[in-house]
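Before any comments, here is the structure.
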Amino acid sequence: ETGVTQSPTHLIKTRGQQVTLRCSSQSGHNTVSWYQQALGQGPQFIFQYYREEENGRGNFPPRFSGLQFPNYSSELNVNALELDDSALYLCASSPAGTRRETQYFGPGTRLLVL
Amino acid sequence: AQSVTQLGSHVSVSEGALVLLRCNYSSSVPPYLFWYVQYPNQGLQLLLKYTTGATLVKGINGFEAEFKKSETSFHLTKPSAHMSDAAEYFCAVSDGQGAQKLVFGQGTRLTINP
């Protein structure tokens, strides 16, 4: 069984640019959540996608947006990058049904904004 | 709103000694509680979770945690530390409803001394 995968592993962008991060969920999982983990901090919830619809959002501005595809993979898009967007971005998938509360994390994408 | 406080950003124990990582939570509804471990440059791995039922929960790698409602705590323990336990540990809470987003603590870095 393949776990959650993310690409790319590392990325360097400059302020004002746009970035797209990708996530493939674990087999059998239909829910994907995205988290931002700044250096030395715990992860913070950005948003969640369930059956291709946004299903909850944290305290992040609209320049953070996402998509979920029919195969349940997902993208996180960030426009107008700011220096504070530098962080580890984690994707997590959850199984359908009664075990939805458990989220399984990918290895993350480390974004550096210069 | 839910929140998590992890007491001690850094804990150091000797190999073979008891590991105790403290977590207190705040939640207006019955919480779901989780412990995750993060090794350097990696994503989060689920150690254990509490949803309902037995308050003493056993996880992977010999870890366990006890849900104490009266103390709003979910401390993580391991009877005998191993060098491979050195990592960052995160306690998280969710409300088990809707998006079931995870709210994380700041993390505790565990160091094992030979």
Side-chain angles (χ1 to χ4, degrees), chain A residues 3-7 9-10 21 23-26 29-51 53-60 66 68 87-110 112, chain B residues 1-10 21-25 27 29-53 57 59-60 67 74 76 87-109:
Chain A
V4 178
T5 60
Q6 294 185 243
S7 63
T9 55
H10 294 82
L21 310 182
C23 170
S24 291
S25 59
Q26 191 166 323
H29 291 190
N30 62 1
T31 302
V32 173
S33 303
W34 286 91
Y35 292 82
Q36 180 195 66
Q37 185 179 17
L39 198 61
Q41 304 291 320
Q44 290 197 333
F45 177 73
I46 303 174
F47 45 55
Q48 182 183 90
Y49 280 83
Y50 172 63
R51 293 184 176 180
E53 297 286 334
E54 187 177 288
N55 184 45
R57 188 178 185 91
N59 189 27
F60 281 82
Q68 187 179 33
L88 180 67
Y89 289 85
L90 295 163
C91 169
S93 70
S94 309
T98 57
R99 290 172 50 237
R100 281 189 61 227
E101 75 280 351
T102 304
Q103 298 184 24
Y104 298 87
F105 285 80
T109 294
R110 190 164 297 280
L112 177 62
Chain B
Q2 297 179 302
S3 66
V4 171
T5 301
Q6 292 185 238
L7 299 175
S9 59
H10 192 185
L21 304 183
R22 299 177 188 274
C23 171
N24 288 89
Y25 70 90
S27 178
V29 299
Y32 286 4
L33 294 159
F34 305 81
W35 275 99
Y36 284 87
V37 61
Q38 186 175 38
Y39 297 100
N41 300 314
Q42 295 188 25
L44 302 177
Q45 180 182 8
L46 180 67
L47 278 177
L48 48 81
K49 67 178 181 180
Y50 168 80
T51 54
T52 58
V57 179
I60 62 171
F67 170 60
F74 191 57
L76 181 71
E88 188 91 18
Y89 291 79
F90 292 94
C91 181
V93 64
S94 82
D95 59 11
Q97 302 172 21
Q100 302 190 41
K101 70 174 186 180
L102 294 172
V103 175
F104 286 87
Q106 294 285 80
T108 297
R109 180 166 300 278

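Residue numbers start from 1 in every chain, and the chains themselves are labelled A, B, ... in the order their sequence lines are given, proteins ahead of strands.
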Q.
Does any backbone or side-chain atom of A:Q44 lie under 4.5 Å from a heavy atom of chain B? Answer side chain, backbone, both or neither.
A.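 Neither part, no heavy atoms under 4.5 Å.
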(Q) Less than 4.5 Å to any heavy atom of chain B: does that hold for the side chain of A:Q41, its backbone, both, or neither? (A)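 Both parts, heavy atoms under 4.5 Å.
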So for [X], is it side chain, backbone, both, or neither that comes closer than 4.5 Å to the heavy atoms of chain A?
X: B:S9; result: neither
X: B:Q106; result: both
X: B:Q38; result: side chain

Q: Measure the CD-CG distance between A:Q103 and B:L44 for me, rounded to the nearest 0.5 Å.
A: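 The distance works out to 10.0 Å.
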Q | Residues forming a side chain to side chain contact (heavy atoms under 4.5 Å, CB included) with B:L46, sequence neighbours excluded | A |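 Testing B:L46 for side chain to side chain contact (heavy atoms under 4.5 Å, CB included), a comparison that skips the adjacent residues, returns A:T102, B:F34, B:Y36.
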Q.
Tell me every residue that passes side chain to side chain contact (heavy atoms under 4.5 Å, CB included) with B:N24, counting only those two or more places apart in sequence or in another chain.
A.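 Counting only residues at least two positions away or on another chain, B:N24 forms a side chain to side chain contact (heavy atoms under 4.5 Å, CB included) with B:L7, B:T72, B:S73, B:H75.
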Q) Is the CD1 atom of B:I60 crowded by more than 12 outside heavy atoms at less than 6.0 Å? A)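 More than 12 within 6.0 Å, yes.
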(Q) So for atom CZ, which belongs to A:R57, do other residues, nucleotides or ligands contribute more than 12 heavy atoms lying within a distance under 6.0 Å? (A)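 Yes.
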Q) Would a 4.5 Å heavy-atom cut-off, applied to side chains only, mark B:L102 and A:Y35 as touching? A)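 With C-beta onward as the side chain, the pair touches.
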